Amino acid sequence: MKLLEYEAKDIFKKYGIPVAEGLVVKKTDDPGINVCNLGDEVVIKAQVDVGGRGKAGGVVICSAGEAQDRIREMFVRDIKGIPVETILVEEKLPITDEYYVSITLDRSKKAPVILFSAEGGVDIEETAKKNPDALRRVRVSPMLDDIPDFMMREMLRDSPKELSAVVKSLYRVFCKSDATLAEINPLVTTEKGVYAADAKIIVDDNALNRQGISVNRDLTERERLAEELGFSYVELEGSIGVIGNGAGLTMSTLDMIEYYGGKAANFLDVGGGADRARVCSAVKLVAGMEGVEVIVVNLLGGITRCDEVAAGIVEAGVPQKVVVRLAGTNEAEGKRILSEKGYQMLDSMEEVVKFAVGEVA
Ligand code: GDP
Ligand code: MN
């Protein structure tokens, strides 16, 4: 789950990473907020989870006198379609230089990797494309809980060595927050020292409980419901709903849909031994997503019984066409139940996928 800038900065503070003095303002707060103690000039920052927020008008620098008007304006507009509910007002830092640092996982090497650039700021994506050498990569052994000095020197080269302490602290943030990404862009130098002018943390969804986060804000309502019901469920952008049992079968169904030129709207793994009630709620859940035109059910009956599955599909009675491939335990009975109610039941995965892709073409 992605943390907002002010939440990530709260964590930074705990780990000794300097951030600007700031105030968090909610839309529902008293609009007569006093920002005078932040200095003559302030930065008004929309707390929305979008890339390129500054360029989209989500970061405004103004005098303390103008701040109230700018805050009011920011609350009534949206940034790239996302309404602004929270604003962070900060003292304006007198920035001399902007750097980029992020820590993420290099999955192929099974190790954290630090990315650093002396050309930080809002154009980092451009820099990464046009001048990839400007982005330095240093892999850290997962056995280390601190970054050794020689690595820091290799990474920073002629950039100020004062940045080192922040990068080291960011590494602790990354580890202790169960983060899949911890990023500072820009990491800035000022006459008063080094600061994290922006902050981004993505917490591993599997670690939310340990991090004391009870609700995953990044999930849609349906994804949250699926989680409560114990289904693995993910929403995508196409028009074919997918239900399978087991991650392997479900993923290969997705691949095959892609192969035949279709696009999945979502996919749900009902897991092993799903009974009628579970199948029924799975079908309803998948069908309930906007844009689902046809549903592919691809299940292998082992401990899952095909007759139970068939009964669950019939019970769900969703308006979309449901094409089914069932094989295994009680297959004949399952087939009978489905065909009695007019459901398409085909013998192979390839056939159901082709049928579904043909339906939406
Ligand atoms: P983003 O667009 O969401 O990445 O927003 P940032 O928080 O990174 O801000 C975008 C840009 O605004 C930064 O790269 C800085 O150039 C500028 N900026 C942000 N905060 C300050 C500040 O305190 N002082 C100054 N001078 N510039 C700032
Ligand atoms: Mn930024």
Side-chain angles (χ1 to χ4, degrees), residues 2-13 17-25 35-67 70-71 73-75 77-104 114-131 134-135 159-160 162-163 166-167 170 173-174 179 181-202 218:
K2 300 186 200 81
L3 300 187
L4 293 169
E5 177 187 7
Y6 76 96
E7 297 169 318
K9 281 183 170 171
D10 277 345
I11 295 176
F12 282 7
K13 281 187 231 168
I17 299 177
V19 300
E21 281 296 321
L23 280 172
V24 176
V25 191
V35 299
C36 290
N37 57 339
L38 297 177
D40 298 339
E41 279 191 292
V42 294
V43 189
I44 315 276
K45 311 183 86 177
Q47 298 300 289
V48 287
D49 161 32
V50 295
R53 171 186 58 164
K55 285 184 173 171
V59 177
V60 173
I61 299 178
C62 66
S63 70
E66 285 173 88
R70 296 290 95 80
I71 291 170
E73 282 165 21
M74 187 89 83
F75 274 134
R77 54 179 301 209
D78 58 67
I79 309 298
K80 291 190 177 172
I82 310 223
V84 181
E85 302 293 339
T86 307
I87 289 174
L88 176 63
V89 192
E90 287 186 331
E91 64 171 312
K92 183 189 163 199
L93 297 168
I95 297 177
T96 28
D97 285 302
E98 302 195 355
Y99 299 85
Y100 172 91
V101 61
S102 74
I103 305 175
T104 180
I114 309 176
L115 298 179
F116 176 83
S117 175
E119 295 169 39
V122 292
D123 290 322
I124 189 71
E125 276 92 2
E126 281 297 301
T127 304
K129 256 184 248 157
K130 286 199 189 128
N131 183 13
L135 209 59
S159 297
E162 287 72 29
L163 301 178
V166 174
V167 178
L170 187 68
V173 168
F174 176 80
L181 174 77
E183 179 189 272
I184 306 177
N185 184 34
L187 169 63
V188 304
T189 48
T190 74
E191 281 162 18
K192 307 189 289 176
V194 176
Y195 286 85
D198 192 5
K200 187 168 181 184
I201 295 176
I202 302 178
D218 292 353

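For the single chain, residues carry numbers from 1 onward in sequence order. One-based numbering, in listed order, for ligands and for the atoms of each. Keep in mind that this is a model prediction, so the values were computed, not measured.
By the 4.5 Å heavy-atom criterion applied to side chains, Ser102 and Asn185 are not counted as neighbours. Using a 4.5 Å cut-off on side-chain heavy atoms (C-beta onward), Arg53 and Asp198 make contact. For the pair Ile114/Phe174, no side-chain contact is recorded, criterion being any heavy-atom separation below 4.5 Å from C-beta on. Residues Val194 and Pro160 have side chains not in contact (no heavy-atom distance under 4.5 Å, counting atoms from C-beta outward).
The pair Lys130-Glu119 does not count as a salt bridge, with every side-chain nitrogen at least 4.0 angstrom from each carboxylate oxygen. The pair Glu73-Arg77 fails the salt-bridge criterion, with no side-chain N (NZ, NE, NH1 or NH2) lying under 4.0 Å from an Asp/Glu carboxylate O. For the pair Asp123 and Lys55, the salt-bridge criterion is met [side-chain N within less than 4.0 Å of a carboxylate O].
Contact annotation: for Val59 versus ligand 1, heavy atoms closer than 4.0 Å belong to the side chain alone. When non-hydrogen atoms are compared, ligand 1 lies under 4.0 Å from the side chain of Ile61 (C-beta onward) but not from its backbone. Proximity of Glu90 to ligand 1, defined as any heavy-atom pair under 4.0 Å, is not found for any part of the residue.
Checked by distance only, ligand 1 and Asn185 come closer than 3.5 Å through their nitrogen or oxygen atoms. Considering backbone and side-chain N/O of Lys55, none are found under 3.5 Å from N/O of ligand 1. Checking only distances, Lys92 never comes within under 3.5 Å of ligand 1, N or O to N or O.
Protein heavy atom nearest atom 24 (N) of ligand 1, with residue, atom name and distance: Leu93 O, 2.9 Å. Nearest protein heavy-atom contact of atom 28 (C) of ligand 1 is Ile95 CD1, 3.6 Å. Remark: minimum distance from atom 10 (C) of ligand 1 to any protein heavy atom is reached at Val122 CG1, 3.5 Å. Counting protein heavy atoms only, atom 7 (O) of ligand 1 is closest to Lys45 NZ, 2.7 Å. What sits closest to atom 6 (P) of ligand 1 on the protein, heavy atoms only, is Asp198 OD2, 3.5 Å. In this structure, atom 17 (C) of ligand 1 lies nearest to the protein heavy atom Glu98 OE2, 4.4 Å. When only non-hydrogen protein atoms are considered, atom 5 (O) of ligand 1 lies nearest to Arg53 NH2, 3.2 Å.
Around atom CG of Asp40, no more than 12 heavy atoms belonging to other residues, nucleotides or ligands sit under 6.0 Å away.
Minimum heavy-atom separation, Tyr99 to Ala118: CD2-CA, 3.5 Å. Nearest heavy-atom pair across Leu93 and Ala197 is CD1-CB, 4.3 Å.
Within the structure, ligand 1 has Pro186 among the residues with a heavy atom less than 4.0 angstrom away.
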Verdict with supporting geometry, Asp10 and Val19, side chain to side chain contact (heavy atoms under 4.5 Å, CB included): CA-CA 9 Å; Asp10 277 345; Val19 300; over 6 Å; no
Full working for side chain to side chain contact (heavy atoms under 4.5 Å, CB included) between Thr127 and Leu135: CA-CA 8 Å; Thr127 304; Leu135 209 59; over 6 Å; no
Worked check of side chain to side chain contact (heavy atoms under 4.5 Å, CB included) between Glu90 and Leu88: CA-CA 6 Å; Glu90 287 186 331; Leu88 176 63; 3.4 Å; yes
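When the options Ala199, Gly58, Gly54 are ranked by their closest heavy atom to atom 1 (P) of ligand 1, first place goes to Gly54.
Taking a cut-off of 2.8 Å, the protein N, O or S atoms nearer than that to the Mn ion (ligand 2) are Asn185 O, Asp198 OD2.
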